[in-house]
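In what follows, a structure is listed as structure tokens, so that the remarks can point back to it.
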Protein chains: 2
Amino acid sequence: MTSPDEQPTLAVSTVIFTLQPNDSATPELRIPLVKRIRNPFANQWALPGGPLAASEDLADSASRTLRETTGLEPRYLEQLYAFGDPARSPGERVVSIVYWALVAGDEAAQVFDSENVAWFRADDLPQLAFDHNLIVDYALWRLRTKLEYSRIAHGFLGDTFTLAALREVYEVILQRPIDAGNFRRTMEASGVIVPTGERLTGTRHRPPQLYRYNAEPESQGEFDLGPRSRPMLTVKETA
Amino acid sequence: MTSPDEQPTLAVSTVIFTLQPNDSATPELRIPLVKRIRNPFANQWALPGGPLAASEDLADSASRTLRETTGLEPRYLEQLYAFGDPARSPGERVVSIVYWALVAGDEAAQVFDSENVAWFRADDLPQLAFDHNLIVDYALWRLRTKLEYSRIAHGFLGDTFTLAALREVYEVILQRPIDAGNFRRTMEASGVIVPTGERLTGTRHRPPQLYRYNAEPESQGEFDLGPRSRPMLTVKETA
DNA sequence: GAGTATTTTTGACTCTAAGTCGAGACTATC
DNA sequence: GATAGTCTCGACTTAGAGTCAAAAATACTC
């Protein structure tokens with residue numbers, strides 16, 4: 001506990017998004033939260049995170065938190081914002097540097113759901129500790145915005161996927177239907193995905209082509225990867 | 001001086017952009033830097049900034065720095081990124097939260113150019129202290145990118161301006177010519193600017209219409225103003 | 001005061017990317 | 001062999017931006 005006129009405490013938190021199948025056919029956007037065990041806000045749900053370790057990079061800290069909370073590796077990780085309102089934490093001054101991450105849905109399914117970690121629907125959260133509701137709202141806005149002008153959707157999927165699966169990611173997150181034909185044309189023209197040559201059989205209809213993400217940097221367009229395109233910030237193709 | 005295993009020091013710095021006329025006809029993009037008077041990097045140029053005051057909001061700290069360095073108020077202010085590489089400052093761990101700002105060119109002209117503050121051309125900087133060259137490069141990238149999809153260009157101008165002046169802002173920053181007719185059509189259709197009804201006389205050609213920025217929120221589009229659209233983050237129309 | 005230089009302002013045409021929509025292709029199942 | 005149900009493709013439409021040149025309006029020159 002720091003008195004008001006000392007140096008602010010520095011924490012790193014992470015908003016972790018995944019797409020998990022639910023009872024109905026369409027998956028839903030979910031994020032993991034941890035239950036606080038001490039004051040302030042004891043017993044309330046909060047974003048996973050913690051104080052920044054002495055010689056740990058910010059992104060590493062977010063990555064570590066994600067691993068400790070979900071047991072998973074991020075497929076996409078990006079800094080979101082630094083929150084520093086003096087009143088955001090009662091009693092002490094805490095500046096939180098927040099990251100947001102995507103993890104693949106099929107991996108997230110087999111995740112430990114301990115006493116103190118639970119997954120919530122992103123658009124139906126309880127009252128969270130601190131200003132974490134505001135933070136999640138902002139992360140959601142960034143996710144939706146960035147999905148439209150960059151190519152991060154495959155961060156929710158495995159290494160190979162059908163166009164229908166990719167389109168479903170867009171439809172669930174943007175909350176609107178997308179024309180299949182137009183989507184195919186745009187995606188193929190962009191060069192972000194390449195057909196693997198294999199097809200997904202076993203469906204009860206025409207077998208769809210399987211695609212994978214094109215890791216060529218020139219196919220990724222000019223979107224924000226942070227101050228330098230460090231490998232850590234790009235998507236990991238194999239887990 | 002903090003030993004490596006204590007809490008990191010928190011600093012706030014600001015990249016301040018302005019458009020200043022030079023000897024030739026076209027203005028150039030410039031940023032103010034301050035000369036460091038102590039180690040590390042004594043006598044090298046660095047971004048204006050300093051440690052975060054105990055109960056000061058992050059944006060307020062950036063604003064104050066800007067005022068102390070230039071004597072001006074920002075016409076646009078936005079958080080850029082938090083830099084936290086453990087090796088970025090020799091001897092102590094410093095996490096810098098960096099903002100970027102725009103100030104009007106005509107105001108910046110009459111600024112005190114003290115011994116320890118100087119304005120540099122943004123694309124021709126000396127070797128700076130810490131990782132500040134990297135930071136400026138990233139801020140420049142953000143400025144250029146954001147100029148294209150949002151409406152921040154008038155942050156460089158006064159309250160009223162001609163379309164030619166606004167177009168020149170785009171041309172100087174994006175470093176390419178822009179068709180005047182197309183520019184007019186796009187700008188007028190967007191609704192971001194409204195004609196004042198007055199014209200600029202005294203030129204040696206057809207007197208151009210004067211425009212002002214349209215403060216209506218729905219005219220601003222869906223670009224990133226931070227987690228909440230606080231007035232502080234939006235553009236001030238009168239200085 | 002008429003002509004010239006210069007930039008503003010307007011409008012027509014073109015080009016590109018995306019939205020719309022429907023028909024044909026292909027596999028599993030009945 | 002017919003049917004259900006997607007996948008895949010192609011034609012048409014629409015919206016926005018790029019291109020380009022002509023008309024408009026002022027100050028300056030002679």
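Chain identifiers are assigned alphabetically (A, B, ...) following the order of the sequence lines, protein sequences preceding nucleic acid strands; residue numbering begins at 1 within each chain.
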| Upstream residue (5' side of DNA chain C) when B/Ala164 and A/Gly202 are each assigned their closest nucleotide | B/Ala164
| task | Check B/Thr196, B/Thr160, B/Leu200, B/Thr162 against B/Gln209 for a side chain to side chain contact (heavy atoms under 4.5 Å, CB included) and give me the one that passes. | result |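 Result: among B/Thr196, B/Thr160, B/Leu200, B/Thr162, B/Thr196 is the only option passing the side chain to side chain contact (heavy atoms under 4.5 Å, CB included) with B/Gln209.
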| request: If the plane angle is over 60° it's perpendicular, under 30° parallel, otherwise tilted; pick one for B/Tyr138 and B/Tyr81. | output: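 Taking B/Tyr81 first and then B/Tyr138, their aromatic rings stand perpendicular (interplane angle over 60°).
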| said: Classify the ring geometry of B/His132 against B/Phe130: parallel below 30°, tilted from 30° to 60°, perpendicular beyond 60°. | reply: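 B/His132 vs B/Phe130 ring planes: tilted.
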| query | What residue pairs, at least two apart or across chains, pass ring-ring contact (aromatic ring centres under 6.0 Å, His included) with a residue in residues 166-191 of chain B? | reply | B/Tyr170-B/Phe183
| task | Under 4.0 Å from any heavy atom of chain A: name the first and the last nucleotide of DNA chain D that qualifies, 5' to 3'. | result | D/dA4 to D/dC9
| field | Axis bend over the full length of the helix from C/dG1-D/dC30 to C/dC30-D/dG1, computed from five pairs that close each end, to 10 degrees | value |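 For the helix from C/dG1-D/dC30 to C/dC30-D/dG1, the axes at opposite ends meet at about 10°.
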| query | With a 4.0 Å cut-off on heavy atoms, is B/Thr201 in touch with a base, just the backbone sugar-phosphate, or nothing at all? | reply |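 Nothing: the residue B/Thr201, judged by heavy atoms under 4.0 Å, touches no strand.
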| query | Hey, does B/Thr162 reach any base, or is it just sugar-phosphate, or nothing, if we go heavy atoms under 4.0 Å? | reply |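 Nothing: the residue B/Thr162, judged by heavy atoms under 4.0 Å, touches no strand.
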Return yes if some donor-acceptor pair links the side-chain N/O of [X] with the main-chain N/O of [Y] below 3.5 Å, else return no.
X        : Y        : result
A/Asp159 : A/Tyr213 : no
A/Arg30  : A/Trp119 : yes
A/Arg144 : A/Ile173 : yes

| message | Given C/dT6, C/dT10, C/dA25, identify the nucleotide with an atom nearest to the side chain of B/Arg184. | response | C/dT10
| request: May I ask you to list the residues of residues 169-179 of chain A, by number, that have any heavy atom positioned under 4.0 Å from an atom of DNA chain C? | output: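 Those residues whose heavy atoms fall under 4.0 Å from DNA chain C, taken from residues 169-179 of chain A in numerical order, are A/Asp179.
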| Do the side chains of B/Ile16 and B/Leu72 get nearer than 4.5 Å, heavy atoms only? | no
Pairs under 3.5 Å (N/O, protein and nucleotides 12-18 of chain C):
unit_1 : atom_1 : unit_2   : atom_2 : d
C/dA18 : N7     : A/Arg185 : NH1    : 2.8

| request: Provide the full list of salt bridge (charged side-chain N to carboxylate O under 4.0 Å, His left out) pairs with a residue in residues 193-204 of chain B, sequence neighbours left out, each pair given once. | output: none
